[in-house]
Peer 1: 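Sharing a structure below in structure tokens format, with a few things to ask.
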Amino acid sequence: MSEEENLSYKEAIEKAGSSITRFPLIHIRGVPLMCHIANNWDSIWAFCPDPSDLLIATYPKAGTTWTQEIVDLLLHNGDAEACKRAPTPIRSPFLEICSPPPIPSGLDLLKKMDPPRVIKTHLPFQLVPPGFWENKCKAIYVARNAKDNLVSYYYFDLMNKTQPEPGPFDGYINKFMRGELSWGPWYDHVKSYWVEKEKRNILYLFYEDMKENPRREVLRIMKYLDLSVSDEVINQIVELTSFKSMKENPMANYSCIPSPVFDQSVSPFMRKGEVGDWKNHFTPEQAKMFDEDYAEQMKDVNIPFRSLI
Ligand code: PPS
């Protein structure tokens with residue numbers, strides 16, 4: 001992708017200008033999605049990947065961009081310059097994203113790329129185009145503990161002017177618990193991939209594990225992708241994908257999206273990158289109420305999330 005094409009992506013968003021708004025959500029098979037995604041649902045569902053394509057799936061704000069950067073660096077043997085060829089959403093398109101013209105959709109960007117491609121999605125398992133599983137594509141799922149995920153999503157909804165207005169934090173907790181946010185319930189999302197992971201050969205990762213020992217998790221991703229890079233390169237990748245490095249990297253920090261869409265003066269995309277930030281936001285009463293509801297909603301699975309308490 002040339003510098004000119006990168007610029008034109010940014011320009012396209014600037015041109016869309018007045019049509020950028022907090023889009024309403026429309027349900028697809030019970031899952032609330034931004035109206036532009038719902039209105040293009042048939043072509044998204046029909047997308048047929050190449051068997052060599054890799055899917056990175058997450059509930060929003062669970063560590064997608066971090067994983068995209070790790071994968072890109074692994075695929076380029078730790079070459080930092082190669083991974084600065086374009087911003088994240090161009091290097092690794094967002095499958096279902098659709099915005100007002102002339103902003104290219106995820107499908108538009110994918111059409112212009114040759115496989116193997118690294119494809120991002122926030123779709124729950126049941127809404128992932130079946131071609132991914134028919135073609136036995138590899139898929140990495142990243143899950144993040146519910147309360148930190150919620151806090152991160154709240155700040156994102158404040159700064160992302162295409163997402164529904166988050167409203168006060170207290171009400172946002174209720175919307176999260178009821179599954180009313182874009183891409184639907186967190187609970188069903190993390191479960192949907194968990195129950196399919198063996199059958200579909202999905203690598204299921206946790207944000208908290210990545211924070212605890214990034215080297216170990218980078219090695220897991222490397223092995224899953226059948227790659228082999230030197231110890232030195234692994235160390236380099238860990239360094240290049242630290243929160244600090246990515247926050248300063250214009251090709252990874254979403255500064256490519258102009259402020260009418262991502263207003264990073266409200267909250268930066270690379271906000272805190274920590275485990276347990278929920279403790280700075282939930283009152284003890286809110287945490288108690290959330291945990292009781294969590295126990296009920298998660299009682300049918302035993303996914304080893306950490307940092308809930
Ligand atoms: S998105 O919009 O769904 O693609 O967002 P996503 O990338 O999934 O999640 C953004 C949150 O991940 C944090 N982040 C990181 N944490 C640690 N290390 C690295 N390298 C890293 N990169 C991104 C980012 O800061 C968001 O979390 P919060 O808690 O809001 O800071």
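Keep in mind the model is a prediction, meaning the values are calculated, not measured. Scope of the values below: all heavy atoms of this structure, side chains included, with no hydrogens, waters or symmetry mates. In each ligand, atom 1 is the first atom listed, and ligand 1 is the first ligand listed.
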Peer 1: Hey, does Phe156 come in under 3.5 Å of ligand 1, counting only N/O atoms on both sides?
Peer 2: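 Min N/O separation from ligand 1 is not below 3.5 Å for Phe156.
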Peer 1: When you check the gap from the basic side-chain N to the acidic O, do Arg85 and Asp72 get nearer than 4.0 Å?
Peer 2: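 The answer is yes: the pair qualifies as a salt bridge.
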Peer 1: Is the shortest N/O to N/O distance between Tyr207 and ligand 1 below 3.5 Å?
Peer 2: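 Yes, there is a polar N/O contact under 3.5 Å.
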Peer 1: Does some non-hydrogen atom of Thr241 fall short of 4.0 Å from ligand 1?
Peer 2: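 Per 4.0 Å heavy-atom rule, Thr241 contacts ligand 1.
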Peer 1: Determine the interplanar angle of the Phe176 and Phe290 rings, folded into 0 to 90°, and report it as parallel if under 30°, tilted if 30 to 60°, perpendicular if over 60°.
Peer 2: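 The arrangement is tilted - the two ring planes meet at 30° to 60°.
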Peer 1: Is Ala62 close to ligand 1, meaning an N/O of one under 3.5 Å from an N/O of the other?
Peer 2: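 Between Ala62 and ligand 1 (N or O atoms, distance only) the closest approach is under 3.5 Å.
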Peer 1: Evaluate Arg144 for polar contact with ligand 1, using N/O atom pairs at a separation under 3.5 Å.
Peer 2: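 The answer is yes, given that Arg144 and ligand 1 share an N or O pair closer than 3.5 Å.
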Peer 1: I'd like to check whether His122 has a polar contact with ligand 1, where a contact means an N/O of the residue lying under 3.5 Å from an N/O of the ligand.
Peer 2: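 The answer is yes, given that His122 and ligand 1 share an N or O pair closer than 3.5 Å.
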Peer 1: Between Ser255 and Gln264, does any side-chain donor sit less than 3.5 Å from a side-chain acceptor?
Peer 2: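 Side chains of Ser255 and Gln264: no pair found under 3.5 Å.
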Peer 1: Could you tell me whether Lys211 and ligand 1 have an N or O pair separated by under 3.5 Å?
Peer 2: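 No, since none of the N or O atoms of Lys211 sits under 3.5 Å from an N or O of ligand 1.
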Peer 1: Which ligand 1 atoms does Thr64 reach within 4.0 Å, using its non-hydrogen atoms?
Peer 2: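 Listed by number with element, the hits are 1 (S), 3 (O), 4 (O), 6 (P), 7 (O), 8 (O).
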Peer 1: Indicate yes or no: does Glu14 engage Lys10 in a salt bridge with an N to O separation below 4.0 Å.
Peer 2: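 So Glu14 does not pair with Lys10 through a salt bridge.
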Peer 1: Judged by modelled atom types alone, do Gln68 and Ser92 share a side-chain donor-acceptor pair under 3.5 Å?
Peer 2: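 Indeed, the side chains of Gln68 and Ser92 share at least one donor-acceptor pair under 3.5 Å.
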Peer 1: Could you tell me whether Tyr254 and ligand 1 have an N or O pair separated by under 3.5 Å?
Peer 2: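 No; every N/O pair is 3.5 Å or more apart.
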Peer 1: Check for me whether the distance between the ring centres of Tyr153 and Tyr59 falls short of 6.0 Å.
Peer 2: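 Yes, the ring centres sit under 6.0 Å apart.
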Peer 1: Flag Gly63 as yes when one of its N or O atoms lies below 3.5 Å from any N or O atom of ligand 1, and as no otherwise.
Peer 2: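 By distance alone, the answer is yes.
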